[in-house]
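For reference, the structure discussed in these notes is given below.
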Amino acid sequence: MKPVNNNGFKRIIRATGFSLQGLTSAWKNEAAFRQELILAMVLLPISLFTNVSFIESILMIMTLFIVLITELLNSAIEAVVDRISDEIHPLSGQAKDVASAAVFLSLALCAITWGAILINAYLL
């Protein structure tokens, strides 16, 4: 379903529209994305106003985005698997489990990064 003559600035505008549709869909249909986005909205200002270096703030913010990006990819994989078939299949389960594991690892990375930076800033 490729649009005809879709290049240059027009392509960027269309791609931005599709991206916003994806974010809206994730917000409406994915509870985990909503929870993680709300958490990111709470933590983002904290990362900016804590007594840490600029680079540490960037690392804290980057890990929040990594969680959101991974959750979006997880949701996309789940949607594709569900679209293919409703039947229970080991490969479908494996795809969903691996995508879920990626979200788990991104959350762990976020927690470890935030914990290390905040412990270093306030306890050491």
Side-chain angles (χ1 to χ4, degrees):
M1 189 167 146
K2 265 186 139 179
V4 179
N5 292 329
N6 191 22
N7 50 34
F9 189 68
K10 186 176 180 180
R11 186 198 63 76
I12 293 169
I13 297 296
R14 287 178 54 88
T16 300
F18 294 139
S19 297
L20 293 174
Q21 284 178 356
L23 288 170
T24 301
S25 175
W27 176 262
K28 287 180 182 176
N29 300 308
E30 300 294 333
F33 180 76
R34 286 192 300 273
Q35 293 166 348
E36 291 158 353
L37 184 59
I38 290 168
L39 180 65
M41 290 174 13
V42 169
L43 292 177
L44 188 102
I46 293 171
S47 72
L48 297 173
F49 295 112
T50 54
N51 189 25
V52 298
S53 73
F54 175 75
I55 296 299
E56 289 169 326
S57 289
I58 294 298
L59 288 171
M60 294 165 80
I61 293 167
M62 285 175 58
T63 60
L64 295 175
F65 276 91
I66 289 170
V67 168
L68 295 173
I69 292 164
T70 309
E71 185 61 50
L72 288 169
L73 293 172
N74 177 50
S75 297
I77 289 168
E78 288 183 354
V80 168
V81 168
D82 291 345
R83 168 67 172 92
I84 291 170
S85 175
D86 288 338
E87 100 180 46
I88 296 174
H89 190 280
L91 289 176
S92 297
Q94 181 182 356
K96 288 183 171 191
D97 291 347
V98 170
S100 179
V103 174
F104 175 77
L105 290 177
S106 72
L107 287 165
L109 174 66
C110 188
I112 291 166
T113 302
W114 277 70
I117 290 171
L118 294 176
I119 286 170
N120 184 55
Y122 294 105
L123 297 179
L124 299 179

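- For OH of Y122, the number of neighbouring non-hydrogen atoms (other residues, nucleotides, ligands) closer than 6.0 Å is greater than 12.
- Here the CG atom belonging to N7 is positioned 10.0 Å from the CD1 atom belonging to I12, to the nearest 0.5 angstrom.
- Shown here is I88, whose CD1 atom has no more than 12 heavy atoms of other residues, nucleotides or ligands within 6.0 Å.
- Under a 4.5 Å side-chain heavy-atom cut-off, the cluster of Ile, Leu, Val, Met, Phe, Trp and Tyr residues that includes M41 is completed by L20, L23, W27, F33, L37, I38, L68, L72.
- L44 contributes atom CG, which lies 6.5 Å from atom CZ of F65 (distance to the nearest 0.5 angstrom).
- Residues satisfying the side chain to side chain contact (heavy atoms under 4.5 Å, CB included) criterion with Q21, sequence neighbours excluded, are F18.
- Between the CG atom in L91 and the CD1 atom in I84 there is a gap of 10.5 Å [rounded to 0.5 Å].
- Atom CD1 of residue I61 and atom CD1 of residue I46 lie 11.5 Å apart, to the nearest 0.5 angstrom.
- When all heavy atoms are compared, the tightest approach of I77 to A99 is CD1-CB, 3.9 Å.
- Grouping the Ile, Leu, Val, Met, Phe, Trp and Tyr side chains by contacts below 4.5 angstrom, directly or via other members, places L118 with V42.
- Using a distance-only test at 3.5 Å, with no hydrogens or angles considered, a donor-acceptor pair links the side chain of N29 to the main chain of S25.
- Judged as a salt bridge (charged side-chain N to carboxylate O under 4.0 Å, His left out), not a single pair has a partner in residues 29-47 (not counting sequence neighbours).
- Residue pairs meeting the side-chain hydrogen bond (donor to acceptor under 3.5 Å, both in side chains) criterion with at least one member in residues 92-106, sequence neighbours excluded: D82-K96.
- The CG atom of L107 sits 8.5 Å away from atom CG of L39, with the distance rounded to the nearest 0.5 Å.
- Cluster membership check: L64 shares its hydrophobic cluster with I117, using side-chain heavy-atom separations under 4.5 Å among Ile, Leu, Val, Met, Phe, Trp and Tyr.
- The side-chain hydrogen bond (donor to acceptor under 3.5 Å, both in side chains) pairs that include a residue from residues 37-63 are S53-E56, T63-W114, where partners are two or more places apart or lie in different chains.
- Other residues sharing a hydrophobic cluster with L109 under the 4.5 Å side-chain heavy-atom criterion for ILVMFWY residues are I66.
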